[in-house]
Amino acid sequence: MSGGDAKKLVRSPSGLRMVPEHRAARSPFGLDEPPWVPDKECPRCMQCDTKFDFITRKHHCRRCGKCFCDKCCSKKVPLPRMCFVDPVRQCAECALVSQKETEFYDKQLKVLMNGATFFVTLGTSDKSELMVCRLSNNQRYLVLDGDSHYEIEIIQISTVQILTEGFTPGGGNTRAIGMILQYKVPGSEEVMQMKFTAGEDFSCNKKLSAAWLAAMHKATKLLYESRDQ
């Protein structure tokens, strides 16, 4: 699991990026750099329609690749999903999305890597096992440790359903108490299922488990976006 994770520094038109030496080792949450709209195809800002000239220069958003004037593309925001070393220029819409993702990389990713404890049920079994579940440091595997040991490749996950309690018809707060995970077995079309349930005893910190599940919910959204790119 730890092999082949070496990285290299590369320069693209958008800036410096620290990327895995092998594409297979990239984070499942990553995004590819978009192709830039050719200069000849954008005589005007694609946001405010200002005409480009010697005074009004055009800039490309590093996230969407579209052309904008400086006013509409002035923010430099971190973009870890594309492995940029420094904050890069983005249009207002993309900058807002990237800023929201910063919380995942600054906080929720650490929660996933630190792990939480759940009772895990495999398939249709009626027996569960107490396991510590965490995301690997290279972000590519979900690692489960107990009496048994499992490593689920993130890119093989097909669906994630977060289980909650506390919902009432009139509204009210809900709390994540578990999840159902479906994933494909590498080399086959077989789909496996695991159920994760937060425990009720002292060995399971409910608050920590709920935070881990919330982070997993966000990670799933990013995973789907990366696949749909």
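Looking only at distances, no side-chain donor or acceptor of Ser188 sits under 3.5 Å from a matching main-chain atom of Lys184. Judged by distance alone, the side chain of Lys58 and the main-chain N or O of Asp39 form a donor-acceptor pair under 3.5 Å. One N or O on the side chain of Arg62 and one on the backbone of His60 form a donor-acceptor pair closer than 3.5 Å. Between the side chain of Glu129 and the main chain of Asp147, a donor-acceptor pair closer than 3.5 Å is present.
In terms of heavy-atom proximity, Leu112 sits nearest to Ala219 at CD1-CB, 3.9 Å. Between Ser136 and Asn138, the shortest heavy-atom contact is OG-OD1, 2.6 Å. Between Pro20 and Arg26 the shortest heavy-atom distance is CG-CA, 3.6 Å. Pro28 and Leu223 make their closest contact through O-CD1, 3.7 Å (heavy atoms, listed as atom of the first residue, atom of the second, distance). Annotation for Ala176 and Thr164: closest pair CA-CG2, 4.1 Å, computed over non-hydrogen atoms. Nearest heavy-atom pair across Thr56 and Asp53 is N-OD1, 2.6 Å.
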Report task. Check the pair Gln156, Val185 against side-chain contact (heavy atoms from CB on, under 4.5 Å), reporting the backbone distance first and the verdict last. Result -> CA-CA 7 Å; Gln156 299 295 339; Val185 178; over 6 Å; no
Requested in this report: Output, in order, the C-alpha distance, side-chain angles, deciding distance and verdict of side-chain contact (heavy atoms from CB on, under 4.5 Å) for Leu144 and Glu151.
Outcome: CA-CA 6 Å; Leu144 289 74; Glu151 292 180 9; over 6 Å; no
Query raised in the report: What's the verdict on side-chain contact (heavy atoms from CB on, under 4.5 Å) for Arg134 and Met113, showing C-alpha distance, side-chain angles and the deciding distance?
Result: CA-CA 5 Å; Arg134 63 178 178 84; Met113 289 179 177; 5.9 Å; no
Report task. Go through the steps to decide whether Gln161 and Met179 satisfy the test side-chain contact (heavy atoms from CB on, under 4.5 Å), and finish with yes or no. Result -> CA-CA 5 Å; Gln161 178 188 354; Met179 73 175 179; over 6 Å; no
Report task. Might you work through the side-chain hydrogen bond (donor to acceptor under 3.5 Å, both in side chains) test for Arg44 and Thr50, ending with a clear yes or no? Result -> CA-CA 5 Å; Arg44 295 176 178 272; Thr50 296; over 6 Å; no
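With sequence neighbours left out, the side-chain hydrogen bond (donor to acceptor under 3.5 Å, both in side chains) criterion links Asp70 to Arg89.
Hydrophobic clustering keeps Phe119 apart from Leu208 (ILVMFWY residues linked when any side-chain heavy atoms are closer than 4.5 Å, directly or through intermediates). Both Phe118 and Ile152 belong to a common hydrophobic cluster when Ile, Leu, Val, Met, Phe, Trp and Tyr are linked at side-chain heavy-atom distances under 4.5 angstrom. When hydrophobic clusters are built by joining Ile, Leu, Val, Met, Phe, Trp and Tyr residues whose side-chain heavy atoms come closer than 4.5 Å, directly or via intermediates, Leu135 is not grouped with Ile180. Cluster membership for Val191 and Tyr183, using ILVMFWY side-chain heavy atoms within less than 4.5 angstrom, is not shared. In this structure, Met194 is not a member of the same hydrophobic cluster as Ile177, with clusters built from ILVMFWY side-chain heavy atoms closer than 4.5 Å.
Separating the NE2 atom in His217 from the CH2 atom in Trp212 is a distance of 13.5 Å, to the nearest 0.5 Å. Distance check, rounded to the nearest 0.5 Å: OH of Tyr150 to CG of Leu142 gives 12.5 Å. Rounding to the nearest 0.5 Å places OG of Ser14 at 4.0 Å from CD of Glu33. The structure places CZ of Arg17 at 13.5 Å from CG of Asp86, a figure rounded to the nearest 0.5 Å. Summarising the geometry, atom CG belonging to Leu96 is positioned 10.5 Å from atom CD belonging to Gln90; distances are rounded to the nearest 0.5 Å. The CG atom of Asp49 sits 10.0 Å away from the SG atom of Cys69 when rounded to the nearest 0.5 Å.
Side-chain contact between Arg63 and Val88 is absent, with no heavy atoms from C-beta onward closer than 4.5 Å. Contact annotation: the side chain of Phe196 never approaches that of Leu163 to less than 4.5 Å [non-hydrogen atoms, C-beta and beyond]. Proximity of Cys91 to Lys66: side-chain heavy atoms (C-beta onward) are nowhere separated by under 4.5 Å. In this structure, Ile155 and Ile157 have side chains that are not in contact, with every pair of non-hydrogen atoms separated by 4.5 Å or more. Residues Lys195 and Leu122 fail the side-chain proximity criterion, which asks for heavy atoms closer than 4.5 Å. The shortest side-chain heavy-atom distance between Cys45 and Cys72 falls under the 4.5 Å cut-off. Side chains of Met131 and Ser148 form a contact here, defined as non-hydrogen atoms less than 4.5 Å apart. Looking at heavy atoms from C-beta onward, Val19 lies in side-chain contact with Lys8 at the 4.5 angstrom threshold.
Around atom CD of Glu93, no more than 12 heavy atoms belonging to other residues, nucleotides or ligands sit under 6.0 Å away.
A donor and an acceptor atom, one from each side chain of Thr159 and Gln182, are located under 3.5 Å apart. Arg140 and Ser27 share no donor-acceptor pair across their side chains, judged by distance under 3.5 Å alone.
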Distance-only donor-acceptor hits, side chain of residues 73-84, under 3.5 Å, sequence neighbours excluded:
unit_1	atom_1	unit_2	atom_2	d
Arg81	NE	Phe29	O	2.8
Arg81	NH1	Glu101	OE2	2.7
Arg81	NH1	Glu225	OE1	2.7
Arg81	NH2	Phe29	O	3.3
Arg81	NH2	Leu222	O	3.0
Arg81	NH2	Ser226	OG	3.0

